Amino acid sequence: MLWFQSHDKYLEVNRVIRRLINNFVPNRIPLKGESRWELRSNRTMPVLLVPYDNNDLSVNEVAYALTKNLSSRGLALVLHQPLRAEQVVVGLWSNAHPYFVSGKVRQMLALGGGFWQIGVETVELLCPKHSPELARLLPWAARLDPCVPWEPRC
């Protein structure tokens with residue numbers, strides 16, 4: 001009898017999860033009025049996010065976010081608070097190498113639960129060798145690599 005009860009509970013949970021999956025179509029076709037140039041690819045990875053204005057990085061406002069989806073022209077990021085910036089630098093980590101991209105914030109949506117989504121149009125690839133301010137972000141960007149031990153700073 002217990003097996004049947006646990007099986008019924010499993011089916012209840014399974015129904016709810018399937019409903020969630022069916023309600024949120026991640027790679028939907030753009031709706032009328034959306035300014036998407038191409039379809040997005042769902043990828044979740046941590047990124048570094050730094051607001052900037054007039055080519056001045058706000059290094060004291062460094063934050064981490066998660067990607068929701070990517071395209072060659074932009075990305076959607078999920079944050080734990082709203083962002084009050086029109087331009088950002090996004091730090092990405094790939095194959096033991098950091099990349100920094102400048103971007104314009106095109107959209108900000110409340111997701112609920114204190115989370116926000118921003119849409120960023122990518123503008124250009126930035127090189128830390130040519131910018132001392134950008135080079136200061138390298139230790140934070142290294143934390144994006146899961147192989148680098150992370151120690152909280154006090």
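Remember, it's a predicted structure, so these values are computed and weren't measured experimentally.
Each of L66 and V105 belongs to its own hydrophobic cluster when Ile, Leu, Val, Met, Phe, Trp and Tyr are linked at side-chain heavy-atom distances under 4.5 angstrom. Both V101 and L77 belong to a single network of hydrophobic side chains, linked directly or stepwise wherever heavy atoms of I, L, V, M, F, W or Y lie under 4.5 Å apart. A single hydrophobic cluster is not seen to contain both V120 and L109; linkage of ILVMFWY side chains at heavy-atom distances under 4.5 Å, directly or through other members, places them apart. Note: the hydrophobic cluster containing W116 does not contain V78 (ILVMFWY, side chain heavy atoms under 4.5 Å, direct or indirect links). Note: the hydrophobic cluster containing L138 also contains Y52 (ILVMFWY, side chain heavy atoms under 4.5 Å, direct or indirect links).
Not a single donor-acceptor pair under 3.5 Å links the side chain of S58 to the backbone N or O of E61.
For the side-chain contact (heavy atoms from CB on, under 4.5 Å) with V88, the lone residue among L48, V123, V50, L83 that qualifies is L83.
Here the CZ-OH distance, from R143 to Y64, works out to 4.5 Å after rounding to the nearest 0.5 Å. Distance check, rounded to the nearest 0.5 Å: CE of M45 to OG1 of T67 gives 5.0 Å. Rounding to the nearest 0.5 Å places CD of Q117 at 6.0 Å from CD of Q107. The line from CZ of R106 to OG1 of T122 is 10.5 Å long, rounded to the nearest 0.5 Å. Going from atom CH2 of W93 over to atom SG of C147 covers 10.0 Å, rounded to the nearest 0.5 Å. Interatomic distance, CG of L126 versus CZ of F100, reported as 9.0 Å (0.5 Å rounding).
A135 approaches P128 most closely through the heavy-atom pair CB-O, 3.8 Å.
The pair K104-E121 fails the salt-bridge criterion, with no side-chain N (NZ, NE, NH1 or NH2) lying under 4.0 Å from an Asp/Glu carboxylate O.
Residues passing the side-chain contact (heavy atoms from CB on, under 4.5 Å) test with E86: none are found, sequence neighbours excluded. V59 is linked by a side-chain contact (heavy atoms from CB on, under 4.5 Å) to L57, V62, R136, L137, W140, counting only residues two or more places apart in sequence or in another chain.
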Test side-chain contact (heavy atoms from CB on, under 4.5 Å) applied to L75 and N69, step by step: CA-CA 6 Å; L75 45 113; N69 58 50; 5.7 Å; no
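Surrounding NE2 of H130 are at most 12 heavy atoms belonging to other residues, nucleotides or ligands under 6.0 Å away.
The shortest distance between side-chain heavy atoms of Q87 and S102 does not fall below 4.5 Å.
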